[in-house]
*Asks:* 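Take a look at the following structure, please.
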Protein chains: 2
Amino acid sequence: MTTTPTRTERRSDALTRRRIIDTAIALLDEGGTEALTFRTLSAALSTGAGALYHHVANKGELLAAAAMAKLTAVLAAAGDGGEAAGGIRALTTALFDAITAHPWLGSQLVAAPWQPAVLQLFDAIGSKLTALGVPERSQFDAASALVHHILGVASQYDAGRRLAGTTSRPVFLDFASTPLVEEGGEAPAYPFLARVVRELVEHDDRAQFQAGIDIILAGIDVLTRTDRAAVQKGE
Amino acid sequence: MTTTPTRTERRSDALTRRRIIDTAIALLDEGGTEALTFRTLSAALSTGAGALYHHVANKGELLAAAAMAKLTAVLAAAGDGGEAAGGIRALTTALFDAITAHPWLGSQLVAAPWQPAVLQLFDAIGSKLTALGVPERSQFDAASALVHHILGVASQYDAGRRLAGTTSRPVFLDFASTPLVEEGGEAPAYPFLARVVRELVEHDDRAQFQAGIDIILAGIDVLTRTDRAAVQKGE
DNA sequence: ACCTGAACACCGTTCAAGT
DNA sequence: ACCTGAACACCGTTCAAGT
């Protein structure tokens, strides 16, 4: 109960980089990207806007740090999940759920894909591919394909959330596809969209995400078999 | 030579939606996203900033219209490319090249994935999948996976370009991966990254993009065969 | 060394006033 | 109906002045 305060952190409300990032995450989780401002953040911390610059370089670095903290927590919570293909599915699904619950995370990963958070994600996926037996020369392409799929879905989801403010998604899709389909009079200008528009509206985001992962995993499996066959033939 | 001017467009410099969008595209192509402002745009058009709002609703709509115009041009220039898997490769590669040459296009597609431009892209890819013989129930997932991969790569590329302003990419990657790898003392914290970091730095973006497309196409092929076998068995 | 908060240099957008 | 351009309500960031 009587914890001895350290020299650097006497009071629990001392302004520190960790506390800034945690508060930023809280604001982002509650109100999305637009809720985080150096003004709202400094107000939440009961300090001046300029004070924050003593602990973070700028807003980009702050967002990257927030994303890194969040991603680390998500990956840790997801656990190991095993080393087979199921482990990759568990990891990617956990990430999808995190992005769904915290859309700002997805948009941040997409906005700056070279940030540490994305590198960590890349590494987590790549390690599992190695354990899965994917040949060395294909691991990089395979990991990239999986990460790109996650980033692509992440961008979709964040935009969908932004849209939700103005109109519900099914309504919007109806609006978006109808003029395209009927344009031109006779033959539909966008035949494929016209045919699958019902699926577009009614589909389950999560199931579709996993279907995409499965397609990529199947492709990776083909790559692995091809490579093994080539090795056996002596090349 | 003596073209009769229409009633609505007497002078060639009349302020019109088409001219606004074309000028916006020119600014974006020259200086990237940050070069397009209602102030720079109105200056380039020799008009007031407020005048633009008589022809476009807001900046989001302007960017969506610019992306749509650019994408339509790209898809038209790419031609049909045939209906087989090679047609999809031709189409996606043309898109990659367009995003490489005009990074603002990629970031705009990523920022608002429900915009007409993305729907058009989705349709173009979906139509080719139909012709390729992908079973009806899998077309949506397959098209989504391909579009997501394109969007994922698009986000990577735009961010890479933004980085290029401060430091070259190889240097940045060295900076980004080194502390991660050496952290912790003995065992590398990011074993996969440490192993493939050379590939990360030296890889060819275009080849990697195509490798990703090939992985997805291989996965789609597996899906197609599985479905055909199921149909033959009677289900 | 850290914090304050007014000030600066931008944005997108609006709107009374003109034509 | 269209255009003008000053004004408004925001941003991220800086910096002299305090403690």
Side-chain angles (χ1 to χ4, degrees), chain A residues 5-21 23-25 27-28 31-67 104 107-108 111-112 115 159 162-163 165-166, chain B residues 5-21 23-25 27-28 31-67 104 107-108 111-112 115 159 162-163 165-166:
Chain A
T6 67
R7 258 169 309 158
T8 51
E9 281 192 349
R10 273 172 195 282
R11 306 178 308 161
S12 65
D13 61 343
L15 192 59
T16 171
R17 181 180 166 88
R18 157 136 241 103
R19 219 166 66 82
I20 290 173
I21 292 170
T23 307
I25 291 176
L27 288 174
L28 289 166
T33 309
E34 64 197 17
L36 179 65
T37 286
F38 272 76
R39 282 168 179 82
T40 61
L41 182 56
S42 60
L45 289 163
S46 306
T47 184
L52 303 175
Y53 285 89
H54 288 274
H55 302 91
V56 296
N58 50 45
K59 194 175 186 182
E61 201 225 3
L62 172 61
L63 283 168
W104 65 268
S107 55
Q108 173 57 23
Q115 68 188 305
R162 244 175 290 152
L163 256 171
T166 57
Chain B
T6 67
R7 258 168 310 156
T8 52
E9 280 191 349
R10 274 175 195 279
R11 307 180 309 164
S12 65
D13 61 344
L15 191 58
T16 171
R17 182 179 165 88
R18 158 136 242 103
R19 237 183 104 235
I20 290 174
I21 293 169
T23 308
I25 291 176
L27 288 174
L28 289 165
T33 309
E34 63 198 16
L36 179 64
T37 285
F38 272 76
R39 282 168 178 81
T40 61
L41 182 56
S42 61
L45 288 162
S46 306
T47 184
L52 304 174
Y53 286 88
H54 287 273
H55 301 92
V56 296
N58 49 45
K59 194 175 186 181
E61 201 225 3
L62 172 61
L63 284 168
W104 65 268
S107 55
Q108 172 57 22
Q115 68 189 303
R162 243 175 291 151
L163 257 170
T166 58

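Within every chain, numbering begins at 1; the chains are lettered A, B, ... in the order of the sequence lines, protein sequences first and strands thereafter. What you see is a predicted model, and the numbers here were worked out from it, not measured in a lab.
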*Asks:* Go nucleotide by nucleotide along DNA chain D from the 5' end; which of A/Thr40 and A/Gly50 gets its closest nucleotide reached first?
*Replies:* A/Thr40
*Asks:* Between CD1 of B/Ile25 and CD1 of B/Ile20, what distance do you get to the nearest 0.5 Å?
*Replies:*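 So the gap between those two atoms works out to 12.5 Å.
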*Asks:* Identify every side-chain donor-acceptor pair in residues 49-56 of chain A under 3.5 Å, counting partners at least two apart or on other chains, and give the distances.
*Replies:*
unit_1, atom_1, unit_2, atom_2, d
A/His55, NE2, A/Leu15, O, 3.4

*Asks:* What parts of residues 51-64 of chain A reach DNA chain D, counting only heavy atoms under 4.0 Å away?
*Replies:*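 Residues of residues 51-64 of chain A that come under 4.0 Å of DNA chain D are, in numerical order, A/Tyr53, A/Asn58, A/Lys59.
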*Asks:* Closest approach of A/Ala24 and A/Leu41, non-hydrogen atoms and distance?
*Replies:*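 In this case the closest contact between A/Ala24 and A/Leu41 is N-CD1, 3.8 Å.
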*Asks:* What pattern of brackets, bars and dots sums up DNA chain D from 5' to 3', given Watson-Crick or G-U wobble pairs under 3.5 Å, [ ] for crossing pairs and | for another strand?
*Replies:* ||.|||||...|||||.||
*Asks:* Please list all pairs meeting salt bridge (Lys or Arg N to Asp or Glu O under 4.0 Å) that have one or both residues in residues 37-58 of chain A, counting only residues at least two apart or in different chains.
*Replies:* none
*Asks:* If each of A/Ser46 and A/Arg39 is mapped to the nucleotide of DNA chain C with the nearest heavy atom, which maps nearer the 5' terminus, i.e. the 5' end?
*Replies:* A/Ser46
*Asks:* Nearest whole angstrom, please: distance from the C1' of C/dC3 to the CZ of A/Phe38.
*Replies:* 15 Å
*Asks:* To the nearest 0.5 Å, tell me how far A/Leu45 CG sits from A/Thr40 OG1.
*Replies:* 9.5 Å
*Asks:* Would you indicate which nucleotide in D/dG12, D/dA7, C/dC3 comes nearest to any side-chain atom of A/Leu15?
*Replies:*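 For A/Leu15, the side-chain atoms sit closest to C/dC3.
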*Asks:* Mind calculating the distance between CD (B/Glu34) and C1' (C/dC10) to the nearest angstrom?
*Replies:*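 Rounded to whole Å, this separation is 13 Å.
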*Asks:* Give me the atom names and distance for the closest heavy-atom approach of B/Arg19 to B/Ala14.
*Replies:*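 Minimum heavy-atom separation between B/Arg19 and B/Ala14: NH1-O, 2.9 Å.
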*Asks:* Any salt bridge (Lys or Arg N to Asp or Glu O under 4.0 Å) involving residues 52-63 of chain A? Give me the pairs, sequence neighbours left out, ordered by first then second residue.
*Replies:* A/Arg17-A/Glu61
*Asks:* Which atom pair, heavy atoms only, marks the closest approach of A/Ala66 to A/Ile21?
*Replies:* CA-CG2, 4.0 Å
